[in-house]
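Written out below as structure tokens is the structure these notes cover.
Just follow the structure's listing: the first ligand is 1, and inside any ligand the first atom is 1. Only heavy atoms go into these numbers, but all of them, side chains included; no hydrogens, no water, no symmetry mates. All residue numbers in this chain count up from 1 along the given sequence.
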Amino acid sequence: MQVLKDRKTTRDFVPDKLPPQRLSNLLWAAFGVNRSDGRRTAPSAMNWQEIDIYVATAEGLFVYDAKGNRLSPVLTEDVRTATGTQSFVATAPLDLVYVADLAKAGTSPDTELFTAADAGFISQNVYLFCASEGLATVVRGSIDRIALAKAMKLRPDQRIILAQTVGYPRK
Ligand SMILES: Cc1cc2nc3c(=O)[nH]c(=O)nc-3n(C[C@H](O)[C@H](O)[C@H](O)COP(=O)(O)O)c2cc1C
């Protein structure tokens with residue numbers, strides 16, 4: 001009840017980085033493996049588990065490997081600025097990008113709808129984690145998806161659904 005009461009969007013961040021354990025907890029809450037059969041903290045349509053969480057930081061771009069519970073390096077460039085249209089994305093410590101891997105999704109007529117819904121569940125997990133930890137967050141749909149896909153060097157069968165900035169609130 002308390003985290004639901006505290007869940008909110010915040011757009012004013014300080015640049016301080018999250019300690020590694022906090023980042024690890026955040027990603028596990030977002031879409032970690034929570035059962036021995038490999039299922040996750042968020043539901044996914046037909047258990048496709050098609051949403052990859054990319055993590056853009058000053059140190060580069062990483063992708064969350066839920067099975068290994070680690071971050072896999074993707075790029076050494078800082079692509080935070082490209083993750084959105086609002087100025088805070090460049091300086092907040094963490095911009096998560098939810099990317100649907102269509103190679104993992106089925107070919108239902110509703111695939112587009114399902115990938116969007118699946119990313120929404122992950123985003124809400126992040127909102128609730130942030131509410132429980134006193135972190136600031138905002139989910140974002142306002143993205144230049146063509147430019148960001150290029151900056152992230154995504155494959156043609158990967159679709160950017162949403163981004164979400166996380167950090168400490170400016171008090
Ligand atoms: C699908 C979706 C896209 C959103 N896109 C943006 C965005 O691009 N930029 C932004 O600042 N907020 C964005 N928001 C956050 C909403 O503006 C925010 O949730 C709304 O104003 C309600 O505020 P609350 O989350 O504090 O309840 C988005 C929210 C959703 C669900």
**Message:** Using a plain distance cutoff, I'd like to know if Leu162 has any nitrogen or oxygen under 3.5 Å from a nitrogen or oxygen of ligand 1.
**Reply:** no

For this session: Decide whether an N or O pair under 3.5 Å exists between Phe88 and ligand 1.
Result: no

Ligand 1 atoms nearer than 4.0 angstrom to some heavy atom of Thr9 are 18 (C), 19 (O), 23 (O), 24 (P), 25 (O), 26 (O)

Quick note on ligand 1: atoms under 4.0 Å from a heavy atom of Ser142 include exactly 8 (O)

Candidates Lys8, Arg7, Arg140; heavy atom nearest atom 27 (O) of ligand 1 found on Arg7

Aromatic Tyr127 / basic Arg7 pairing, under 6.0 angstrom, 45° off normal
yes

To the nearest 0.1 Å, how far is [atom] from its closest protein heavy atom, and which atom is that?
atom: atom 5 (N) of ligand 1; result: Gly141 N, 2.9 Å
atom: atom 17 (O) of ligand 1; result: Arg11 NH2, 3.0 Å
atom: atom 13 (C) of ligand 1; result: Val139 O, 3.0 Å

Under 4.0 Å between heavy atoms, the region of Val138 that gets near ligand 1 turns out to be side chain

Exercise for review: Please check atom 3 (C) of ligand 1 for a protein heavy-atom neighbour under 4.0 Å.
Suggested key: yes

Original post:
Can you find a protein heavy atom under 4.0 Å from atom 10 (C) of ligand 1?
Top reply: yes

Taking atom NZ of Lys150 as the centre, report whether more than 12 heavy atoms of other residues, nucleotides or ligands fall under 6.0 Å from it.
-> no

Give a yes or no answer on whether the side chain of [X] reaches the backbone of [Y] with a donor-acceptor pair at less than 3.5 Å.
X: Asp118; Y: Ala45; result: yes
X: Thr85; Y: Ile143; result: no
X: Arg39; Y: Asn47; result: no
X: Arg80; Y: Ala92; result: yes

Pairing donors with acceptors under 3.5 angstrom, does anything connect the side chains of Arg40 and Gln49? yes

**Message:** In this structure, would Leu94 and Tyr98 fall into the same cluster of hydrophobic residues linked by side-chain contacts under 4.5 Å?
**Reply:** yes

